[in-house]
Amino acid sequence: MAVVKADAYGHGAVPVSKFLASCGVEWFGVATLEEAAALRDAGLKRNILVLGTFFPAQARAAVEINARITASSVPHLEALNRAGTPQKPVKVHLKFDTGMNRMGFSCEESEKLARRWAERRWKNLRLEGIFTHLSSAEQIEAPSNRAQEDLFLRVLTTFEDAGVEVPLRHVANSAGASFHSTLRWDMVRAGIALYGYEFRSRGIKPMGTAPALSLKTRVLHLKRVPRNSPLGYNGTYRMRRPGVIATLPIGYADGVNRRLSFANVKPYSRQNARPEPMCVLIRGRRAPLVGRVSMDLILADVTEIPDVHVGDEVVLLGRSGSQVMTAEDWASYLGTISYEILCALSPRVYRVYVQH
């Protein structure tokens with residue numbers, strides 16, 4: 001299953017899904033009914049599973065999308081059963097909570113649920129799958145992985161003992177599929193790996209993937225500024241020597257996190273104790289981001305880069321010459337994960353799709 005929720009992790013769900021479908025992918029995972037509807041409206045006819053849950057009042061809308069639906073509670077099942085018909089049963093996947101404590105049936109409910117399925121309590125539903133989600137798949141030695149696997153096996157055994165067929169059993173996300181071969185079952189839910197990002201667990205050889213996305217802009221304006229010039233909002237950065245500042249037409253409204261701002265003036269510098277600024281790439285060189293990241297503009301110090309001109313390409317994520325900047329680099333700087341960096345790219349960032 002290709003997981004394309006959150007606008008395909010910021011890459012663009014519709015074009016990414018259409019491309020993957022052309023490559024033979026049969027299953028797509030989304031988080032919400034709205035995401036499923038957008039793919040259907042765009043003409044995607046493959047299997048879509050809404051991995052997130054829904055409010056029972058949305059059951060009719062869920063059925064109309066013609067997607068597979070995750071049920072995490074008996075009220076979900078009852079609502080879907082009322083929305084379906086024997087001629088057109090709703091295909092459901094039951095989510096069991098084996099340790100995340102977010103959504104899902106408890107494992108203690110499995111016996112009663114299995115019995116109800118065997119008794120055809122919900123005649124307008126078809127059980128297509130049972131799944132759970134690992135809390136620490138990327139941590140290979142985490143005891144929770146084995147504990148969750150054991151609980152999942154208990155759930156499946158309960159349904160098997162009740163004579164209920166479960167066509168699709170799935171557990172593994174990208175890390176789970178990579179590191180835990182016993183958890184691949186009938187389907188794996190590939191997410192971050194599709195977009196070229198690895199798992200930085202100790203002792204694990206990288207997957208050999210490469211980021212699919214580059215984020216680029218161009219130099220909008222160049223300005224020579226004297227020593228001690230304040231830059232941007234509140235003058236939180238001052239030039240320590242005369243130099244050249246490039247203004248770039250991108251900002252936090254586009255997904256450039258405001259915490260990438262770099263200050264060297266008190267009291268604002270206390271909010272950013274990092275010794276070095278984040279950089280962008282221009283002409284194969286690293287240019288420090290200085291001052292506050294604003295909604296639509298950022299500033300880069302290009303004093304040390306010769307022959308920079310208005311219109312020159314600027315790489316925020318991707319490669320320029322021998323230099324590379326990744327979402328992992330941003331994430332490390334910000335104390336977060338690459339997923340958040342990618343998902344934060346806003347719709348106003350124009351996407352260009354290039355097939356290599």
Side-chain angles (χ1 to χ4, degrees), residues 1 3 5 27-33 36 47-56 58-59 62 67-81 84 89-122 124-139 142-191:
M1 173 188 290
V3 179
K5 63 181 180 177
W27 280 86
F28 292 83
V30 298
T32 66
L33 298 176
N47 303 322
I48 299 174
L49 173 61
V50 180
L51 292 162
T53 189
F54 62 97
F55 293 101
Q58 296 176 293
R68 275 71 170 171
I69 307 297
T70 292
S72 295
S73 70
V74 170
H76 288 145
L77 293 172
E78 298 286 3
L80 289 170
N81 189 59
V90 184
K91 297 176 181 177
V92 298
H93 288 231
L94 303 181
K95 183 175 184 178
F96 279 86
D97 176 18
T98 58
M100 287 280 276
N101 287 308
R102 299 189 308 181
M103 297 296 299
F105 293 98
S106 69
C107 296
E108 289 73 20
E109 294 178 272
S110 62
E111 186 174 342
K112 182 184 292 185
L113 279 171
R115 186 169 62 250
R116 289 183 175 182
W117 279 106
E119 296 169 353
R120 294 185 55 79
R121 163 72 177 269
W122 299 288
N124 299 332
L125 304 183
R126 181 189 301 171
L127 179 59
E128 187 176 52
I130 289 178
F131 74 102
T132 193
H133 190 59
L134 299 175
S135 66
S136 305
E138 74 284 357
Q139 298 175 15
S144 61
N145 292 319
R146 175 54 63 85
Q148 288 190 258
E149 180 180 12
D150 290 344
L151 286 172
F152 187 67
L153 285 169
R154 282 173 50 190
V155 170
L156 294 179
T157 299
T158 299
F159 277 80
E160 181 180 338
D161 290 346
V164 179
E165 181 184 1
V166 182
L168 290 173
R169 303 155 297 175
H170 47 111
V171 176
N173 56 7
S174 293
S178 299
F179 303 149
H180 308 281
S181 60
T182 61
L183 297 180
R184 292 173 187 163
W185 290 92
D186 304 305
M187 180 164 66
V188 298
R189 305 185 300 266

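- The two residues E128 and W27 come nearest to each other via the heavy atoms OE1-CH2, 3.3 Å.
- Side-chain contact between L183 and F152 is absent, with no heavy-atom pair separated by less than 4.5 Å.
- Each of V155, L134, L151 was compared with T98 under the side chain to side chain contact (heavy atoms under 4.5 Å, CB included) criterion, and only L151 meets it.
- In this structure, D97 contributes its side chain and M100 its backbone to a donor-acceptor pair below 3.5 Å.
- Here M187 contributes atom CE and N47 contributes atom CG; the two are 8.5 Å apart, rounded to the nearest 0.5 Å.
- Within the model, atoms CG of L33 and CD of Q58 stand 5.0 Å from one another, a figure rounded to the nearest 0.5 Å.
- Using a 4.0 Å cut-off between a side-chain N of Lys or Arg and a carboxylate O of Asp or Glu, E78 and R121 qualify as a salt bridge.
- The local environment of CD in E109 is crowded, with over 12 non-hydrogen atoms from other residues, nucleotides or ligands closer than 6.0 Å.
- The aromatic rings of F131 and H170 lie parallel to each other, with less than 30° between the two planes, well short of the 60° mark.
- Looking at S110 and R154, their side chains never come closer than 4.5 Å, going by heavy atoms from C-beta outward.
- The shortest non-hydrogen separation linking V50 to A36 is CG2-CB, 3.9 Å.
- In this structure, F105 and F96 have tilted ring planes: the angle between them lies in the 30° to 60° band.
- In plain terms, the two heavy atoms of S178 and R184 that are nearest each other are O-NH2, 4.1 Å.
- In plain terms, the two heavy atoms of A31 and K5 that are nearest each other are N-CB, 3.6 Å.
- Using a distance-only test at 3.5 Å, with no hydrogens or angles considered, no donor-acceptor pair links the side chain of H76 to the main chain of T70.
- In this structure a side-chain-to-backbone donor-acceptor pair under 3.5 Å is present from S174 to G191.
- Summarising the geometry, atom CD belonging to E111 is positioned 10.5 Å from atom CZ belonging to F159; distances are rounded to the nearest 0.5 Å.
- Rounded to the nearest 0.5 Å, atoms CE (M103) and CG (L51) are 12.5 Å apart.
- Rounded to the nearest 0.5 Å, atoms CG (N81) and CG (L125) are 4.5 Å apart.
- Closest approach of R189 and T132 over heavy atoms only: NH2-O, 2.9 Å.
- Using a 4.5 Å cut-off on side-chain heavy atoms (C-beta onward), V92 and W122 make no contact.
- If you take CG on L113 and CD on E108, they are separated by 11.5 Å, rounding to the nearest 0.5 Å.
- Taking a 6.0 Å sphere around CZ of R116, one finds it holds more than 12 heavy atoms contributed by other residues, nucleotides or ligands.
- Side chains of L94 and L77 form a contact here, defined as non-hydrogen atoms less than 4.5 Å apart.
- Looking only at side-chain heavy atoms (C-beta outward), V166 and L127 come within less than 4.5 Å of each other.
- Proximity of E149 to V171: side-chain heavy atoms (C-beta onward) are nowhere separated by under 4.5 Å.
- Looking at every heavy atom in both residues, W185 comes nearest to R169 through CB-O, 3.0 Å.
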